[in-house]
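Quantities reported herein were computed from a predicted structural model and do not represent experimental measurements.
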Amino acid sequence: MTPVTVKPGDSPLVLGLPHTGTHVPADIFARLTPLGQTMGDTDWHVDQLYDGLLDDVTTVRANFHRYVVDANRDPSGESLYPGQNTTGLVPMTNFDGEPLWLEEPDAAEIEARRLAWHAPYHVALEAELERVRAIHGVAILYDCHSIRSKIPFLFDSTLPDFNIGTNNGATCAPVIEAVVNGICAGAEGYSSVLNGRFKGGWTTRHYGRPADNIHAIQMELAQSTHLATEELPFAYDEAKADRLRVHLKTILTSIADLAALVGGQS
């Protein structure tokens with residue numbers, strides 16, 4: 001299994017897909033609890049949701065599941081949200097705080113998994129951002145995510161539909177943040193928040209360097225926006241998805257159109 005699949009394009013926009021992969025090596029899968037083997041914390045169908053929305057966009061997709069190693073966590077293992085419940089580089093619990101492993105991986109195994117899976121994904125992502133920046137003078141990373149709308153272990157109440165993360169404005173030009181926030185706020189029938197519970201994961205924080213002409217923004221979608229049910233079998237709802245894709249297309253097109261502007265400002 002190749003850790004990462006890259007689809008190169010010539011747009012200034014790069015889509016990161018760190019959590020849509022479902023591959024788990026057989027020896028690792030056998031050590032997951034029955035609950036873990038359902039792989040419930042997958043970003044279900046997010047690759048399908050964004051497919052075809054923007055011509056010539058680059059996509060970088062992790063093929064491995066986040067239970068193998070989480071491509072959106074700090075490789076050092078440092079928490080992204082100190083003092084809050086979260087999951088680690090190799091998660092020991094699911095998003096409900098329930099154990100995932102019959103036998104937990106030790107530090108040596110976690111490092112081996114990082115080298116085998118996490119590192120190749122980020123080598124590929126960094127290479128594509130550099131390639132796109134060389135073409136346009138600027139690259140914009142849009143990191144694609146989804147999560148169940150109700151997870152008491154991680155957050156109170158119901159999550160907004162659109163969760164925009166820029167690490168409080170640090171990872172992209174203000175105009176990118178403002179345009180995306182405006183589109184989401186104006187999307188009829190949807191709720192949104194900027195830098196709420198999800199401010200951007202390690203990918204967004206690591207690559208988002210506006211001064212170096214690389215901008216990054218994370219979009220965490222509530223899965224209620226595009227799934228028929230937020231539990232097994234996590235089926236894709238075509239009607240919901242089609243409504244949502246209209247707004248996602250507007251977001252991606254608008255960001256791509258901003259590239260020349262933000263590149264000139266840096």
So does L221 get a backbone contact from the side chain of S146, meaning a donor-acceptor N/O pair under 3.5 Å? no
Which heavy atom in V262 sits nearest to a heavy atom in A173, and how many Å separate them? CG1-CB, 3.7 Å
Does any part of the side chain of L232, heavy atoms only, come nearer than 4.5 Å to the side chain of T38, both counted from C-beta? yes
Under the criterion side chain to side chain donor-acceptor pair (under 3.5 Å), I'd like the reasoning laid out for T225 against R243: C-alpha separation, chi angles, the key distance, then a yes or no. CA-CA 9 Å; T225 60; R243 289 194 298 271; over 6 Å; no
Sidechain-backbone polar pair: N163 side chain, F198 backbone, donor-acceptor under 3.5 Å: no
Please find the pair of heavy atoms, one from D41 and one from R148, that lie closest to each other, and give the distance. OD1-NH2, 3.8 Å
Given 3.5 Å as the limit, does a donor-acceptor pair link the side chain of D10 with the main chain of D56, or not? no
Calculate, to the nearest 0.5 Å, the distance between atoms CZ and SG belonging to R209 and C172 respectively. 14.0 Å
Is it true that a side-chain atom of N63 and a backbone atom of T2 form a donor plus acceptor pair closer than 3.5 Å? yes
Check whether more than 12 heavy atoms from other residues, nucleotides or ligands sit under 6.0 Å from atom CG of D106, and answer yes or no. yes
Would you mind reporting whether V60 and V4 have side-chain heavy atoms less than 4.5 Å apart? yes
What I want to find out is whether R113 reaches D70 closely enough, with some N-O distance under 4.0 Å, to be called a salt bridge. no
Ring center gap for F162 and Y190 short of 6.0 angstrom: yes
Minimum heavy-atom separation for N85 to L154, with atom names? O-CD2, 3.5 Å
Tell me yes or no: between the side chains of S11 and D55, is some donor less than 3.5 Å from an acceptor? no
Indicate yes or no: at least one non-hydrogen side-chain atom of R66 is less than 4.5 angstrom from one of P18. no
Over 12 foreign heavy atoms within 6.0 Å of NZ, K150: no
Side chain to side chain, P25 and M1, heavy atoms closer than 4.5 Å: no
Could you tell me if the ring centre of F29 sits under 6.0 Å from that of Y67? no
Approximate separation, where rounding is to 0.5 Å, of H206 NE2 and T171 OG1: 13.0 Å
Would you say the side-chain atoms of N94 pair up with the backbone N or O of P99, donor to acceptor, closer than 3.5 Å? no
Is N167 reaching over with its side chain to a backbone N or O of A170, donor-acceptor style, under 3.5 angstrom? no
Could you give the distance from CG (D257) to CD1 (I255), rounded to the nearest 0.5 Å? 10.0 Å
Can you check whether H122 and W117 have ring centres sitting under 6.0 Å from each other? no
Identify the two heavy atoms, one from M219 and one from I251, that lie closest to each other, and give their separation to 0.1 Å. CE-CD1, 4.0 Å
T20 and D43: side chain donor to acceptor below 3.5 Å: no
Taking atom types as modelled, is there a side-chain donor on E177 or N181 under 3.5 Å from an acceptor on the other? no
How long is the straight-line distance from CD of E238 back to CD of Q48, given to the nearest 0.5 Å? 6.0 Å
Please confirm whether the backbone N or O of V14 pairs with a side-chain atom of E128, one donor and one acceptor, at under 3.5 Å? no
Quick one: pull up CG in D161 and CD in Q223 and give me the separation to the nearest 0.5 Å. 12.0 Å
Looking at W101 and P91, would you say the former's side chain and the latter's main chain have a donor-acceptor pair under 3.5 Å? yes
Side chain to side chain, I217 and L141, heavy atoms closer than 4.5 Å: no
Using the side-chain contact (heavy atoms from CB on, under 4.5 Å) rule, pick out the option among V246, T250, L252 that qualifies with L53. L252
NZ/NE/NH1/NH2 to OD/OE distance under 4.0 Å, E126 and R133: no
Between R61 and D47, is there a salt bridge with N-O shorter than 4.0 Å? yes
Considering all heavy atoms, the nearest G21-T42 contact: O-CG2, 4.3 Å
For residues H145 and H19, establish whether the separation of their ring centroids is below 6.0 Å. yes
No-hydrogen, no-angle side-chain donor-acceptor test under 3.5 Å, S149 and E230: yes
Answer with yes or no whether the side chains of T87 and R73 bring together a donor and an acceptor at under 3.5 Å. yes
Does either side chain, that of N72 or that of T203, offer a donor lying less than 3.5 Å from an acceptor on the other one? yes
Using a 4.5 Å cut-off on heavy atoms from C-beta on, say whether the side chain of R131 contacts that of P8. yes
Take H215 and Y207, measure what side chain to side chain donor-acceptor pair (under 3.5 Å) needs, and give me the verdict at the end. CA-CA 7 Å; H215 303 260; Y207 294 104; over 6 Å; no
L244 vs H226 side-chain heavy atoms within contact, under 4.5 Å: yes
Non-hydrogen side-chain atoms of L258 and V175 separated by less than 4.5 Å: yes
Nearest-0.5 Å distance, CG of residue L159 to CD1 of residue I151: 8.0 Å
Is the number of heavy atoms from other residues, nucleotides or ligands within 6.0 Å of CD (E78) greater than 12? no
I'd like to know if the side chain of D212 reaches the main chain of I214, judged simply by a donor and an acceptor atom lying under 3.5 Å from each other, with no hydrogens or angles considered. no
Check R197 with D156, please: is the shortest side-chain N to carboxylate O separation under 4.0 Å? no
Does K199 use its side chain to pair, donor to acceptor, with the backbone of N195 at less than 3.5 Å? yes
